[in-house]
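Just below is one structure, and these are the notes that go with it.
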Amino acid sequence: MTMTNHLFDAFRASMPAPGQMLMETDNGRSISYGDMLARSGQFARALVETGVQPGDRVAVQVEKTPEALLLYLACLRAGAVFLPLNTAYTLPELDYFFRDAEPRLVVCDPEKAGDIQSLAASVGAATLTLGRDGRGTLADRAKVQPEDFANVARGPDDLAAILYTSGTTGRSKGAMLSHENLASNARVLTEHWRFGADDVLIHSLPIFHTHGLFVATNVILMAGAKMLFEQKFDPARVISLLPRATALMGVPTFYVRLLQQEGLTKAVASHMRLFISGSAPLLAETHNAWRERTGHAILERYGMTETNMNTSNPYDGERRAGTVGFPLPGVSLRIADPETAKPLAQGEIGMIEVKGPNVFAGYWRMSEKTKAEFRGDGFFITGDLGLIDADGYVHIVGRGKDLIISGGYNVYPKEIESEIDALEGVGESAVIGVAHPDFGEGVTAVVVRRPGSAISAADIAGAIAGRLAKYKHPKQVIFVDELPRNTMGKVQKNVLRETYKDIYAKAG
Ligand code: MCA
Ligand code: AMP
């Protein structure tokens, strides 16, 4: 009997000839589809040899390398649950994820292994390393293995990955994504955006989040296409790659920064067929400037860690600036009253709710939280507020959740407020997102000192440095005598956002 492995088989089915390139890196490495198959088999064997069993979590905090991607594929093939972690996370942040997910194996950068190993050991996990040069104890273990590997059988509902997403209250929640969540979305996006074997994607997103890992990589694997695999986003370098590429996927900050490059012209973009944006709102201003400079209309889409992609502007037809387009095939989307859950009429603003094969299986070991975020009829409550216009385009007009999106990374104010409030000298704080020309929103802390305290912005920065990932740090700290409150005593963040709306107006 041949074993089926739902997601990997789907990639396998569209695999081109083994000699075809899957990726080329910025330091001159090329990995063909044949290499991918052979080396992910070796990595899968190394996982099994380390004791990883089907359903075990493999927590991974490593730099972006081809080997990191092979490790993702190896986890799928070995039936493990891939758990990628932002390289910016600090040890206290990692400690939480390890305790919550209880991985069997942690794979980390050799430079961080000393500290991480003891955290991992405290939850009974083994540690292997994978460095920015693709070397380390995991790679050492893999390279002596035979290349063939009999994939572990995995069905559509088996877990493929857990991605942590912060909560508006309390700690991060692990979104459980099944093989079918990922396979169905990759298939739909590949067709909707017309990806084929001739495509060359500029891949300069990190691979520890949905955008770079699933939207970008899974689509390329599903199309049997190729990617130019960049360690990080460098606008000048992206411009130099445009003539060799056909598609780019990025967060709005990518497009804002590319527009600052003189080299961005119609001629340099003439070989490209598609520019896609997501993870945060793309300003109509950016969309229009891009069209003017390159002749291309950026295609904006909307998704979440919990749901993969929900909507997309059309491939053919009008890509409407300031909208996220239409529900993708197979996705049901409705606008409901946030309080009563009653569906609202077309044009009214309410909660965006979605249902479909893309929607996750729930939060890891948090059945109550999972229940609270679904309606009785299975629709997931996104926390995003929106409307559907007369032509059917979905507009996101705000967030019902207290969330900041900075450069495409989600930052939950509560987490930062808790850290700041815990400092001696701080009475209370409110963390808000303020319009920022580069990051979209800039994390901003408004702080009330305790009487007699002289705590400074630098003191606060110093105190959170080792505790919170860098991108969560406030770009500005503002001291006030008191926070504005409504009659119920609730802090009025909208008032604060209005008061400080121009503080980054001249920032770069
Ligand atoms: C880096 N810094 C940031 C951010 N990134 N601060 C706030 N927000 C950020 N996003 C910090 C750095 O630590 C540094 O601090 C300072 O800002 C300047 O760094 P810079 O060199 O400008 O940053 P960078 O390294 O160029 O990174 C900017 C970036 C990066 C390229 C926009 O943030 C990025 O790749 N973002 C993509 C995130 C993403 O993939 N999101 C998708 C999530 P200092 O100078 O003090 O050391 S998935 C998702 O949202 C859903 C499902 C979806 O729909 O896709
Ligand atoms: P995450 O949980 O990191 O996957 O972030 C998901 C959130 O990003 C969504 O709930 C939205 O608030 C936001 N988001 C993603 N794509 C877009 C978009 N195109 N426009 C506006 N917001 C977006």
Side-chain angles (χ1 to χ4, degrees), residues 165-173 280-281 335-341 344 348-352 368-369 372-373 381-387 396-406 409-436 439-465 467-469 471-505 507:
T165 157
S166 304
T168 38
T169 53
R171 301 304 304 254
S172 292
K173 300 169 285 188
I335 308 289
D337 184 307
E339 307 303 328
T340 65
L344 295 176
E348 287 192 66
I349 295 174
M351 179 62 71
I352 301 177
E368 286 308 308
K369 286 206 167 126
E373 301 208 15
I381 306 165
T382 62
D384 292 311
L385 300 175
L387 63 83
I396 298 175
V397 299
R399 297 181 199 126
K401 50 193 173 190
D402 194 15
L403 160 71
I404 301 168
I405 307 183
S406 168
Y409 286 140
N410 285 11
V411 179
Y412 281 87
K414 182 92 178 66
E415 190 183 3
I416 298 145
E417 289 160 2
S418 306
E419 291 288 340
I420 296 178
D421 292 350
L423 301 177
E424 223 186 290
V426 170
E428 60 175 346
S429 66
V431 170
I432 53 170
V434 174
H436 189 289
F439 290 121
E441 290 180 276
V443 176
T444 306
V446 185
V447 176
V448 179
R449 292 188 180 100
R450 274 189 194 287
S453 155
I455 191 165
S456 67
D459 295 334
I460 292 177
I464 61 174
R467 300 194 49 84
L468 295 174
Y471 67 88
K472 299 178 186 173
H473 294 194
K475 301 274 179 217
Q476 278 200 37
V477 178
I478 295 159
F479 291 96
V480 294
D481 292 337
E482 59 180 350
L483 296 174
R485 291 181 188 277
N486 65 13
T487 47
M488 308 288 287
K490 196 166 180 275
V491 175
Q492 291 171 301
K493 290 198 168 180
N494 51 340
V495 172
L496 291 174
R497 281 191 285 265
E498 179 59 26
T499 308
Y500 299 110
K501 66 179 190 307
D502 294 326
I503 57 173
Y504 298 112

When you compare the side chain of Asp402 with that of Lys414, does any pair of heavy atoms fall below 4.5 Å? no
For a quick test of reading the model, state the closest non-hydrogen atom pair linking Ala454 to Asp459 and the distance between them. O-OD2, 4.2 Å
For Val426 and Arg450 the tightest heavy-atom approach is O-NE, 3.4 Å
Looking only at non-hydrogen atoms, find the nearest pair between Tyr504 and Gln476 and report the distance. OH-N, 3.3 Å
Check whether any side-chain heavy atom of Ile464 lies under 4.5 Å from a side-chain heavy atom of His473, and answer yes or no. yes
Of all heavy-atom pairs linking Gly350 and Pro338, the shortest is CA-CD, 4.4 Å
As an exercise, state the distance from CD of Gln492 to CD of Glu498, rounded to the nearest 0.5 Å. 12.5 Å
Could you check Val397, Ile396, Ile352 and say which one makes a side chain to side chain contact (heavy atoms under 4.5 Å, CB included) with Leu387? Val397
Do Val477 and Ser429 have side chains that get closer than 4.5 Å, going by heavy atoms? no
Gap between atom NZ of Lys475 and atom OG1 of Thr444 - 0.5 Å precision: 10.0 Å
Interatomic distance, Ile335 atom CD1 to Asp337 atom CG [nearest 0.5 angstrom]: 11.5 Å
Could you tell me whether Lys173 and Glu373 make a salt bridge, using a distance below 4.0 angstrom between a side-chain N and a carboxylate O? yes
Look at the side chain of Glu417 and the backbone N and O of Val431, then say whether any donor-acceptor pair between them is shorter than 3.5 Å. yes
Verify side chain to side chain contact (heavy atoms under 4.5 Å, CB included) between Ile478 and Ile503, making sure each step is shown before the conclusion. CA-CA 10 Å; Ile478 295 159; Ile503 57 173; 4.0 Å; yes
Listed by chain and number, what are the ring pair (Phe, Tyr, Trp, His ring centres under 6.0 Å) partners of Tyr409, not counting sequence neighbours? His209, Tyr471
Can you tell me if CG on Asn486 sees more than 12 non-hydrogen neighbours from other groups inside 6.0 Å? yes
The reported gap from CD in Glu424 to CD1 in Ile455 (rounded to nearest 0.5 angstrom) is 8.5 Å
Side-chain heavy-atom pair Ile405, Arg399 within 4.5 angstrom cut-off: yes
For Leu496 against Pro484, the heavy-atom pair lying closest together: CD2-CD, 3.6 Å
Minimum heavy-atom distance Ser453-Gly425, with the two atoms named: OG-O, 3.1 Å
Do any N or O atoms from the side chain of Lys401 and from the backbone of Thr382 form a donor-acceptor pair under 3.5 angstrom? yes
Between atom CE of Met351 and atom CG of Leu385, what is the distance when rounded to the nearest 0.5 Å? 5.5 Å
What is the distance from atom CD1 of Ile404 to atom CZ of Phe439, rounded to the nearest 0.5 Å? 13.0 Å
